[in-house]
Amino acid sequence: MTKEENKKRLEHLKGIVASLPHKPGTYQYYDENHTIIYVGKAKDLKNRVSSYFHKEVDRYKTKVLVSKIWDISYSVVNTEEDALLIENELIKQYQPRYNVLLKDGKTYPSICVTKEYLPRIFKTRTINKKFGQFFGPYSHIGSMYAILELIHKAYKPRTCRMPITKEGIEQGKYKPCLEYHLHNCNGPCIGRQSYEDYQQNIAQAREILKGNTREVSRSIYAKMMEMAEKMEFEKAENLKKQYQLLDSFCAKSEIVSHTISDVDVFSIVNDDANKTAFINYIHVKNGAINQSFTYEYKRKLDETDQELLNDAIVEIRKRFQSDAKEVIVPFEMDFRLKDAEFFIPQRGDKKHLLELSEMNGKQYKFDRLKQAEKLNPEQKQTRLMKELQEKLRLPKLPYQIECFDNSNISGSDAVAGCVVFKAMKPSKKDYRKYNIKTVEGPDDYASMQEVVRRRYSRMMEEGTPLPDLIITDGGIGQMNVVRQVVEDELHLAIPIAGLAKDDRHRTNELLYGFPPQVIGLKTDSELFHVLTRIQDEVHRYAITFHRDKRSKHALHSALDDVKGIGLKTREALIKSLKSVKRVQEADIQTLKEIIGPAKAALVYNYFHPETLEIK
């Protein structure tokens, strides 16, 4: 597109924007092929649409969207909720490229009550509202089966797929099946159960699926007592069985508060790494939670939490056929619902509900992440590398990370270790040990500089790939001495980070930059755990090397320096005389009796050089 064409396009769009009304409504953006690429809603059309064309728009994705717009259409509505509903229907119909699409949960089953003459009740993953009323979907399969079991035990709806008609029953066309003989069906197809009684059972089953279980239970109890007073004990006994089943089911439900009668609860949890949001919905009816489901949204234009929740609330309430008058949310909402009020709880049972909803959303996020990473282990490593790259603003993915640590006791047996992690996993074949050669005494900074200098000088000479990130096991001081070698001496552009410890010697900060700054990273996050694992690994590696070196020195004795004396001779002397000191003090005759004259002479002459050499 030429500058002239773009100028003409923008003038056309601004002309449309100028004529927009200050009323609620929906708007649609079209590309050059007149295909809808975005559908939006607004409580003030003019203000909302004109905001896309302000020069100070800073979101990259929004700028991309604006560059694709060639035409705008809009429709005015009476209320904000109407705008939400129309927007939702248009998104479903056209599936615009830049709109967030709600994943409809078709992988989860729902419960269907068919529209047949004698309705059936069963689970399904296929939603077609022509065939019946659907309840769900159910993310917790166990809950769904519990409700189905309750309905089938209490009301015994038919399970056969035969198309039964009123005329067919009257003409006696049908024969009872095995379910009837097993007392799992009351035989409405052969007239053993009246049509009215069957429909009444289905109506009660619908109320249970809506979450009105306690109301149904109270109704059955009242009817049971009525039948008992009328001396109709057989009917009363059947109602008693239904009542007991419902009462047992209600007892297993999570009771929130008997004062909360009908409430919807919404919360949102973000997965910033994948530009995804998880919106949890909980419905509370008569004090008990009867529905909980989490939906997943993929952000298209860096939508805010408020924008996503605006879209989700109307859609989810419609799906679950909720008419709750109170909707609990975590923050103020832009839009208002026609027949319901938003409420942000600060304490009490409703605050607990909001926290419970957030907990469900976080658990769903965790489960999805683990499921994806189980199928593709490399996904977790890549996610962590990307997260670290974003936190430190690194020029490239930190595939190879190296970390150094010193170990010595008062300067003796000074050593250092270098561990290498590739794709966030230890690459043990690349680990290296270093004996400190040029530093006298306990000088950690000088020791660190010697090791870093030796490692990267050699890697440069051999042409070995350099690391993408160096992590020092220490604070600002360690980072500075490493930078002096890497950048000032060797002129290498390798990013350097540091892990600093608190007063209790616990790692609590990630440092980066020059001068070093604290990087915001939660100490309970997965990335922080990986970084501390790198730190623990280099510490373990350096300490183990230092212990091995000290052990060799500790096991060394004066007998090891006697030429011509082997291991068996040394063992024989220690076994007989019990210590090196006694070997040193032994006379020649004693030594001859233990190891013979030739070896005795070697040992005696070594420890007594001032005496005449004994042959």
Novice: Should we say atom NZ of K240 is surrounded by more than 12 heavy atoms from elsewhere, each under 6.0 Å from it?
Specialist: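 Incorrect, the count does not exceed 12.
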Novice: Does the side chain of L13 come within less than 4.5 Å of Y52's, by heavy atoms?
Specialist: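 Sidechains of L13 and Y52: no contact.
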Novice: Mind checking whether I169 and Y117 have side chains closer than 4.5 Å, heavy atoms only?
Specialist: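 Yes. Closest side-chain heavy atoms under 4.5 Å.
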Novice: Which heavy atom of N280 sits nearest a heavy atom of S357, and at what distance?
Specialist: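 For N280 and S357, the tightest heavy-atom pair comes out as OD1-OG, 2.7 Å.
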Novice: How close do R336 and E332 get, counting heavy atoms only, and between which atoms?
Specialist: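 Here R336 and E332 meet closest at NH2-OE1, 4.1 Å.
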Novice: Between K223 and E229, is there a salt bridge with N-O shorter than 4.0 Å?
Specialist: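 Looking at K223 together with E229, the answer is no, because their closest N to O distance does not fall below 4.0 Å.
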Novice: Locate the shortest heavy-atom distance separating M224 from A236; write the atom from each residue and the value.
Specialist: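 Of all heavy-atom pairs spanning M224 and A236, the closest is CG-O, 3.6 Å.
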Novice: Is it true that Y30 and S73 share a donor-acceptor pair across their side chains at a distance under 3.5 Å?
Specialist: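 Note: S73 and Y30 side chains meet the donor-acceptor criterion.
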Novice: Should T276 and Y297 be marked as a side-chain contact (heavy atoms from CB on, under 4.5 Å) after you check the CA-CA gap, both sets of side-chain angles, and the distance that decides it?
Specialist: CA-CA 6 Å; T276 303; Y297 281 86; 5.8 Å; no
Novice: When you check the side-chain N and O atoms of Q204 and Y155, is any donor under 3.5 Å from an acceptor?
Specialist: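 Side chains of Q204 and Y155: pair found under 3.5 Å.
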Novice: Do M385 and L388 have side chains that get closer than 4.5 Å, going by heavy atoms?
Specialist: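 When only atoms from C-beta onward are counted, L388 and M385 do not touch, as no gap falls below 4.5 Å.
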Novice: Can you confirm whether F343 sits close enough to V263 that some side-chain heavy atom of one is under 4.5 Å from a side-chain heavy atom of the other?
Specialist: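 Heavy-atom side-chain distance check fails, nothing below 4.5 Å.
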Novice: In Å and rounded to the nearest 0.5 Å, what is the NZ to NZ distance from K391 to K386?
Specialist: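 Going from the NZ atom of K391 to the NZ atom of K386 covers 16.0 Å.
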Novice: Return the minimal non-hydrogen interatomic distance between P330 and L309, and the atom names on each side.
Specialist: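 Taking every non-hydrogen atom into account, CD-CD2, 3.9 Å.
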Novice: Within the 4.5 Å heavy-atom criterion, are P157 and F122 side-chain neighbours or not?
Specialist: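 Counting from C-beta outward, P157 and F122 never come under 4.5 Å.
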Novice: Over 60° means perpendicular and under 30° means parallel, so tell me whether Y29 and Y27 are parallel, tilted or perpendicular.
Specialist: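 Geometry flag for Y27 against Y29: tilted rings.
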Novice: Give the intermediate values and the outcome of side-chain contact (heavy atoms from CB on, under 4.5 Å) for residues R120 and T159.
Specialist: CA-CA 6 Å; R120 292 176 294 134; T159 56; over 6 Å; no
Novice: Between the side chain of S267 and the main-chain N/O of E358, is any donor-acceptor distance below 3.5 Å?
Specialist: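 Yes, S267 side chain to E358 backbone: donor-acceptor pair under 3.5 Å.
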Novice: Please, which pairs that meet salt bridge (Lys or Arg N to Asp or Glu O under 4.0 Å) have at least one residue in residues 152-166, sequence neighbours excluded?
Specialist: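 For residues 152-166, and leaving out neighbouring residues, the salt bridge (Lys or Arg N to Asp or Glu O under 4.0 Å) pairs sorted by first residue read E116-R158, E149-K153.
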Novice: Which heavy atom of L353 sits nearest to which heavy atom of I282, and what is that distance?
Specialist: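 In this case the closest contact between L353 and I282 is O-CD1, 4.4 Å.
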Novice: Do D323 and D262 come within less than 4.5 Å of each other through their side chains, counting heavy atoms only?
Specialist: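 In contact.
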Novice: Can you check whether K41 reaches N310 side chain to side chain, under 4.5 Å on heavy atoms?
Specialist: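 Yes, close enough: below the 4.5 Å cut-off.
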Novice: Return the minimal non-hydrogen interatomic distance between D44 and P21, and the atom names on each side.
Specialist: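 Shortest heavy-atom contact: OD1-O, 4.2 Å.
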Novice: Any non-hydrogen side-chain atom of F233 less than 4.5 Å from a side-chain atom of E237?
Specialist: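 No - every pair of side-chain heavy atoms lies 4.5 Å or more apart.
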Novice: With side-chain contact (heavy atoms from CB on, under 4.5 Å) as the test, would you mind laying out the steps for R317 and F266 before giving the verdict?
Specialist: CA-CA 10 Å; R317 277 169 59 90; F266 292 90; 4.1 Å; yes
Novice: Report the distance from atom CG of L354 to atom CD of Q346, rounding to the nearest 0.5 Å.
Specialist: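 Going from CG on L354 over to CD on Q346, the span is 9.5 Å.
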Novice: In terms of heavy-atom contacts, does NE2 of H22 have more than 12 from other residues, nucleotides or ligands at under 6.0 Å?
Specialist: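 More than 12 heavy atoms, drawn from other residues, nucleotides or ligands, come within 6.0 Å of this atom.
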Novice: Which residues satisfy the side-chain contact (heavy atoms from CB on, under 4.5 Å) test with C177, sequence neighbours excluded?
Specialist: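 With sequence neighbours excluded, C177 shows a side-chain contact (heavy atoms from CB on, under 4.5 Å) to E179, given in chain and number order.
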